[in-house]
Amino acid sequence: MPKKGEVSIIEKRCKGCNICATYCPKKILGLREDGKMEVKDPDNCIACDLCELRCPDYAIKVEVKENNE
Amino acid sequence: MPKKGEVSIIEKRCKGCNICATYCPKKILGLREDGKMEVKDPDNCIACDLCELRCPDYAIKVEVKENNE
Amino acid sequence: MGRYEIRLSGAGGQGLILAGFILAEAVVRFTDQEVIQTQSYGPEARGGASKAEVIISDEEIDYPQVTKPDFLLALTQEAYNKYNRDLKEYGTMIVDERVDAAFRGGPTYVVPIQRKTQERLGTRLVVNVVSLALFNHLHEVVPVDKLQEAVLERVPRGTEDLNKKALELGQELAQELNTYKVFREEEEEDE
Amino acid sequence: MGRYEIRLSGAGGQGLILAGFILAEAVVRFTDQEVIQTQSYGPEARGGASKAEVIISDEEIDYPQVTKPDFLLALTQEAYNKYNRDLKEYGTMIVDERVDAAFRGGPTYVVPIQRKTQERLGTRLVVNVVSLALFNHLHEVVPVDKLQEAVLERVPRGTEDLNKKALELGQELAQELNTYKVFREEEEEDE
Amino acid sequence: MSERVSLMQGNEASVEGALDAGVRFYAGYPITPSSEVAEDFAAKLPPLGGKFIQMEDEIASMAAIVGASLAGKKAVTATSGPGFSLKQEIIGFANMIEAPCVVINVQRAGPSTGLPTSPAQGDMMQARWGTHGDHPALAVAPSSVADTYLLTFQAVNWAERFRMPVMVMLDETIGHLREKVILPSREEMIIVNRKHPQGSPQSFQPYDIEDEDLIPPLPPYGSGYRFHTTGLYHDETGFPANRPEITKRLLDRLHDKIDRYKETLYLYDSFGLRQANQLIISYGGAARSAKAAWRIAREKGLLVGLLILKTIWPFPEEIVAQAGHDKNNIVVAEMNRGQLIGEVERIMDKRIPIRGAQRADGVLITPEQILAQLEGVN
Amino acid sequence: MSERVSLMQGNEASVEGALDAGVRFYAGYPITPSSEVAEDFAAKLPPLGGKFIQMEDEIASMAAIVGASLAGKKAVTATSGPGFSLKQEIIGFANMIEAPCVVINVQRAGPSTGLPTSPAQGDMMQARWGTHGDHPALAVAPSSVADTYLLTFQAVNWAERFRMPVMVMLDETIGHLREKVILPSREEMIIVNRKHPQGSPQSFQPYDIEDEDLIPPLPPYGSGYRFHTTGLYHDETGFPANRPEITKRLLDRLHDKIDRYKETLYLYDSFGLRQANQLIISYGGAARSAKAAWRIAREKGLLVGLLILKTIWPFPEEIVAQAGHDKNNIVVAEMNRGQLIGEVERIMDKRIPIRGAQRADGVLITPEQILAQLEGVN
Amino acid sequence: MELEKYFRENKLPHIWCPGCGHGTVMSSIIRGIDKAGWDPNKVVVVSGIGCSSRAPGYMDFNTLHTVHGRAIAFATGIKLANPELKVIVLTGDGDGAAIGGNHLIHACRRNIGIKVVLFNNYIYGMTSGQYSPMTPEGSLATTSPYGNIEPPFDLCELTKSANANFVARGTVYHTRPLISYMEKAFAKDGFSYVEAISQCPTYYGRRNRLKSPVEMLEWQKKNSVDIKKAADMEPEELQGKIVTGIFADREKEEYTARYDRLISEIQGGKK
Amino acid sequence: MELEKYFRENKLPHIWCPGCGHGTVMSSIIRGIDKAGWDPNKVVVVSGIGCSSRAPGYMDFNTLHTVHGRAIAFATGIKLANPELKVIVLTGDGDGAAIGGNHLIHACRRNIGIKVVLFNNYIYGMTSGQYSPMTPEGSLATTSPYGNIEPPFDLCELTKSANANFVARGTVYHTRPLISYMEKAFAKDGFSYVEAISQCPTYYGRRNRLKSPVEMLEWQKKNSVDIKKAADMEPEELQGKIVTGIFADREKEEYTARYDRLISEIQGGKK
Ligand SMILES: Cc1ncc(C[n+]2csc(CCOP(=O)(O)OP(=O)(O)O)c2C)c(N)n1
Ligand SMILES: Cc1ncc(C[n+]2csc(CCOP(=O)(O)OP(=O)(O)O)c2C)c(N)n1
Ligand code: SF4
Ligand code: SF4
Ligand code: SF4
Ligand code: SF4
Ligand code: SF4
Ligand code: SF4
Ligand SMILES: [Mg+2]
Ligand SMILES: [Mg+2]
């Protein structure tokens, strides 16, 4: 079973470049009307970290959720 | 039969470094007392040109002798 | 007119520098007035708030900087915040509807420039030209057809139609200016 | 003594710069006099004629250049030609025997410095020290043993003996100076 | 033959002036606020068959224009403060070998990186003394876009005529300013070209002054006049020489060749000098504010004259002395902590008060600051 | 505690002075006539645990000493004309970030390559104005080998105290001169070190003037005081800032920090000023000839005073004015076409004739030339 | 990983444009430093001038923003003066390859323990879009309005020939390998060079029909070729490609260590 | 061959010391030029500062003795301004590899038609014997009194990596091959680099126990390895050797020709 992640956006840093969303393997991110990134489907994050690693503005953070199986 | 050469020294240019004499295959050159190069044995020159090519001061000239065989 | 100072401001990339340039060029080509144009440079011109300024005058313009603009256009809040301070008393303002602007004594128009541009033209790329037309209508710097000539010469090839439409939209919004005009109570400025 | 100007000249590489340095250092260490030493630099110091100069004085030496040497040593013709011109009237000269020097009014010694050095020491490397001893004897700048001390401190390790012999040879040549002294008719200088 | 009316930027005007003067080579390295000069040349030279090259740094750029100049092209570089510092060594070389070339320095606020997009006039003394050794200097400072065109054109002419680097000391205010300009028609502009030797290649001596105007002719590489050039002191033949008579002769000539003509080099504007008891002296961007201040002062009824210097080096001593000797107050307005004021002080009698209206914080000096140094304002 | 007597070369004395002042880092690039400075450091630093590095050029050398200085070492570079020109950009940077360092310039005849082994004092104004932007300058000029030791020692102290580049303007005459020197014992020499911050690393602001002496403390890298440094205008925190109040404050402080102390910076020698109606002013190598001229003049019974400047920048205006105001003739003797004479002219009243005894042909100026400018010699 | 630990958080958001790759390069560096486990007090980050050279301002170490092109020379002074410091140089393709090229190769030659990260966005960003010595042939820039005709450097090959101990190239798109190169580079004693292909959407992208940051990353993705694969390809095939991977990984003695050894020898009377 | 035809004979004898290799390098260049058959009026020889850089003064072409390290940049201006000129740069290991290194690699990169001959005597001759970036490790020099600890450049490898069209190294001892490299270098259109190992008996020799010019030539003879042979040798075996031969010989388009093509395209309306 894949890892689970909790993604959050630091809005004041996000510049809306759309990089994170484009390369999110689960396609769970999307730009809001006001140009800030938004987590559209938080539950499907697999904590792959790709968004965080690529974000040029340190505006997206992924934490691995406790896996209480 | 090897080529024949006529060697001459331009004295005012010669600085007596001894390079030509050291590498003359026929050993026909030698430094004079006053530090200038001298052709000691003019007849044995084979016009190999090595002295002229190496002389840092353009002080030694080799001409190929007419070979009137 | 005497010395008239214009400041066009917005986000870097909104094309206001080009707008200022076109305006100044139109003045040179189609009027007898003197004109000067300056703008933001460097990192400032790229992100955040950026501005272009134009001074128009009947007389030789010596001191070339805008210090007390007679007119301010602010397309974003950041631009407004940064550049509204030294607006002349009773100076004119046009701000985008999303900008929260304080009334400064002069005519203040709050106009949905960005929204209308997006709605009507399907892109925001030409807010600069829309704004330019709007301003020009208000101040009649040059005749509309001359403005169009000036604009079409400087915009990228292939965008002529879009820009013509932008000019029209600007004109149109200008007609409605009084609708948009808002007078607010002057607030205490706390700086 | 008052200001006394010394010029040691020869071919680049003959070590006269070192000789000048040693002389000056000996003055500092073993006398109460003021001293200054200068020399040729750059390409000049490498080939052709090169010189070292020393000024010795009882008083502060302000102007530091030798302009009218009281004494000239010239080991080569080229050096002589280049550096003899401004010798002081009645100044002293020591030249190598191969140098064709003109009598300038003062004591002129033509000495086989190079030949004797080669003959007696089997190398010309120490002509500088031979010359130095010669000069020192003539002018008694410092006592002989002090000169030796100064020399031995500055020559390359392993050459001490050779240099001691050079000093001796210099002394010896100095004893014979009058033998070598030559007076010539003053010639018309054509420059 | 009609005037040319347009909206033009200062940096662009320098390019236009250079091109009209015959410049066909540009080498540079981008730096704010001069980059538009490079960009404009990059666009405009190739269509004219000219060459633009972006070199690896400012030193290389300076070297390249000197090389191009010797190859026969009129050549320009542009830069600003940090790059101007880097170019100094080769500016001295160009002086020494007498290579015609033009250096445009669009000044920004220093020292060091300073404020790259803000105006200043902090390199004025550097233009005079920036390279090592005693060297002459020729520099102009435009105070309008039209000036920039004309003075750059003039700079190219002077470079060719006097065979030396000429500096166009723009500042960010003027370099980035766009304004309406009215330029003379191209036909009216008189182009000066370097002298070509009269004699034969065999008898040619590169530093021989053929016709006593102190400026030797300069044939381009490839023309058959082969010669040697060095930054060492050299004699008429171009080869190194170190005899004091020769070195003195060369250095004297390098200075004399402009000293002799200096009165013709003094370009300036003056306003109301006669009916004045106070004088404002200014140049470049600051002169815009000075003009405004002067106007206001006049409106207030003060008897103020205004002298706007366009030629900065050689410093127009005689002009300044003439304009200032009968005044009761001289105000030197500049965007630095006081540079050319030193020259004014040097020239003028101590009894005349000389005041500086100075500003070096990255903001264009204001007319008010200048007015404040005048007497009788309040 | 005994005096040190020896035969020493000027270049060598600068190294001794620097080492005694605590210098443990040298980066340089060889150039005549300064190379002995590098060679001496190369031999003497490693045994002391110090570092000598020959960099790829003069720019890199200047950068390296600034870097070493920030890492906590007292650092020196040496060069001559062409290299001095190349270093200018980073001299400005050192000024702006306030990095203590010392630049020794052994002047030779310029401009350009000039005469590499001949004396000159042609870079004196460059020491003041060589880098772009308005910057302060601190420079000394030794006129003897002993002076060279003492002034280089002092230069290191000043660099540390005032946190700026200090220039030692030697010339070939003194740099290459060997003479008998008597130096004070090492124990008598008082070493100054840069200030270390008093507060905690957390509260540290690198450009905050803790104790109002206008000079901020400077902790070395690695000491736990982490901070940012930039050549852009910056505020107390060290980060870029462009508000005019801040830029003005910084630039003012950079100048004020030496202006405030300038009277203590004025080093000079004077001879017979009181009983004189004529004055000779000189410095560096030329001062040797000036001294000789003064002696001769006195012997002839002329009432001549002599002022030998050791501190050149800031220019000792008050000292010169004081020495010169009551004279009938001032002669400024220097080995250039007239550099510091401009400063003297700027300061003095026009009624006092100011004459230059100048020489720039690669030969040490002679006492006779100086004498010739005095009145009543014949 | 908690990047914030190494940031001067109050300086964020940074000045870089939306989608500028420099931000990603900077975080990759931070991750590398974290892995190296260095004491921040002993780390000195030096830069020149350029958008990339603004990075040190955001990083909570000893940071020095110098002049254009000379960062490596400053760093050389720092490292030699105190070899226990960890010295990193951040530079751009203009700063490091144009004006700064000489200092780069000389630092490689000396093998001094400096770690250079070059942010290669193929353009002069800070001065608004002139071409650089890394700009691909044919590209448009403000100073190459007709297309660039100068062949670009392959700085990885060059630094390798110049004696660098460690050389690698990665891209912002391939973030994980890029981070791994940082880690390896920082772990070495000698001179390390890491070239990070970054994107400048504002100037390079806009002029060269790469309309968004994402298109630029796509371009990086499409054009990258691993060095092992590249070894089997013809030069023509490699034209315009980005060869990524480790170009050199050697173990020569580091310069300041060699220097300290010399000093011991001298002080110990062995020299 | 009649060298005198190309000399300024009245300037001879030259200033170089007895046995200085620079004289031999200069005659080798002259021989190469003669072979190229160029019109002397169209030849421009540019140099920097150093003993080697004094060579142009003796050569009867258009000659330009510039400032230290920048000869290639001057030459770039000359060649670009008038591509029909044949432009040769003469430089030294200090002039060309220390202060001038950046201009060298950039000229290689552009592949501009300049022919650079670097007189490598492993020392700064003109300034009396400081070490250079080419000085072998361990060598004594006035600024490395304890032996040089900096690894030297292999400039042939470096220029090759930097895109030079032609690269070769020869020695004064092996005069005939050296001349042949000159000939080949001058025959190419693009950028050529020839490194000539020269000897400085006065400074390098005297300090490093190579007591005479002849001993220095012997050293060249003993230590030279042909590049083909070197290919089979281990790096350790090659330590301290002089690898001679042709390192690169390519046919890329020359920069000024490419530029002229661009101008035609623009003027022809194609751009
Ligand atoms: C001596 C000097 N020359 C030129 C400049 C102008 N300048 C500033 S940054 C820069 C280029 C930056 O390009 P790059 O290094 O690629 O960084 P980027 O902005 O692309 O990250 C230039 C030319 C300068 N500041 N100083
Ligand atoms: C800017 C500058 N820096 C330094 C010097 C001093 N300098 C002259 S020649 C030279 C080195 C010459 O060495 P190299 O190029 O190897 O030539 P060589 O004399 O050995 O033939 C140096 C450092 C200078 N003239 N200009
Ligand atoms: S990558 Fe970062 S800056 Fe870009 S949209 Fe996503 S969160 Fe925002
Ligand atoms: S961690 Fe992976 S899956 Fe989760 S949001 Fe980021 S990119 Fe998408
Ligand atoms: S090689 Fe030339 S200079 Fe040397 S000894 Fe022979 S002829 Fe004389
Ligand atoms: S040509 Fe050959 S054989 Fe004749 S002298 Fe010269 S080296 Fe000897
Ligand atoms: S200009 Fe380019 S490099 Fe600079 S911040 Fe913007 S995108 Fe990044
Ligand atoms: S010093 Fe060395 S390089 Fe210079 S001429 Fe003498 S031997 Fe040749
Ligand atoms: Mg870049
Ligand atoms: Mg060399």
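In what follows, chains carry the letters A, B, and so on, assigned in the order in which the sequence lines appear, proteins first and then strands, with residues in each chain numbered from 1.
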Q: Using a distance-only test with no angle check, is there a side-chain donor-acceptor pair under 3.5 angstrom linking F:Glu39 and H:Thr143?
A: no

Q: Can you measure from OG1 (H:Thr135) to CD (F:Gln54) and round to the nearest 0.5 angstrom?
A: 8.0 Å

Q: Could you report the tightest heavy-atom contact between F:Ala42 and H:Thr142, atom names first, then the distance?
A: CB-O, 4.4 Å

Q: Heavy-atom distance under 4.5 Å between the side chains of H:His68 and F:Pro82, does that happen here?
A: no

Q: How many angstroms lie between OG1 in H:Thr127 and CD1 in F:Ile31, if you round to the nearest 0.5 Å?
A: 9.0 Å

Q: Where on H:His65 is there a heavy atom nearer than 4.5 Å to chain F: the side chain, the backbone, both, or neither?
A: neither

Q: So for F:Thr32, is it side chain, backbone, both, or neither that comes closer than 4.5 Å to the heavy atoms of chain H?
A: both

Q: Determine, step by step, whether F:Ile53 and H:Glu150 satisfy the side-chain contact (heavy atoms from CB on, under 4.5 Å) criterion, reporting the C-alpha distance in whole Å, the side-chain angles of both residues, the deciding distance to 0.1 Å, and the verdict.
A: CA-CA 10 Å; F:Ile53 186 169; H:Glu150 298 196 14; 4.1 Å; yes

Q: So, the side chain of H:Tyr146 versus the backbone of F:Ala43: is there a donor-acceptor pair under 3.5 Å, distance only?
A: yes

Q: Which bit of F:Pro33 comes within less than 4.5 Å of chain H, counting heavy atoms only: side chain, backbone, both or neither?
A: neither

Q: Measuring from atom CE of F:Met55 to atom CD1 of H:Ile99, what distance do you get when rounded to the nearest 0.5 angstrom?
A: 12.0 Å

Q: Would you please classify the geometry between the H:Tyr124 ring and the F:Tyr29 ring as parallel, tilted or perpendicular, with 30° and 60° separating the classes?
A: tilted

Q: Heavy-atom cut-off 4.5 Å, strictly under: side chain, backbone, both or neither for F:Leu86 against chain H?
A: side chain

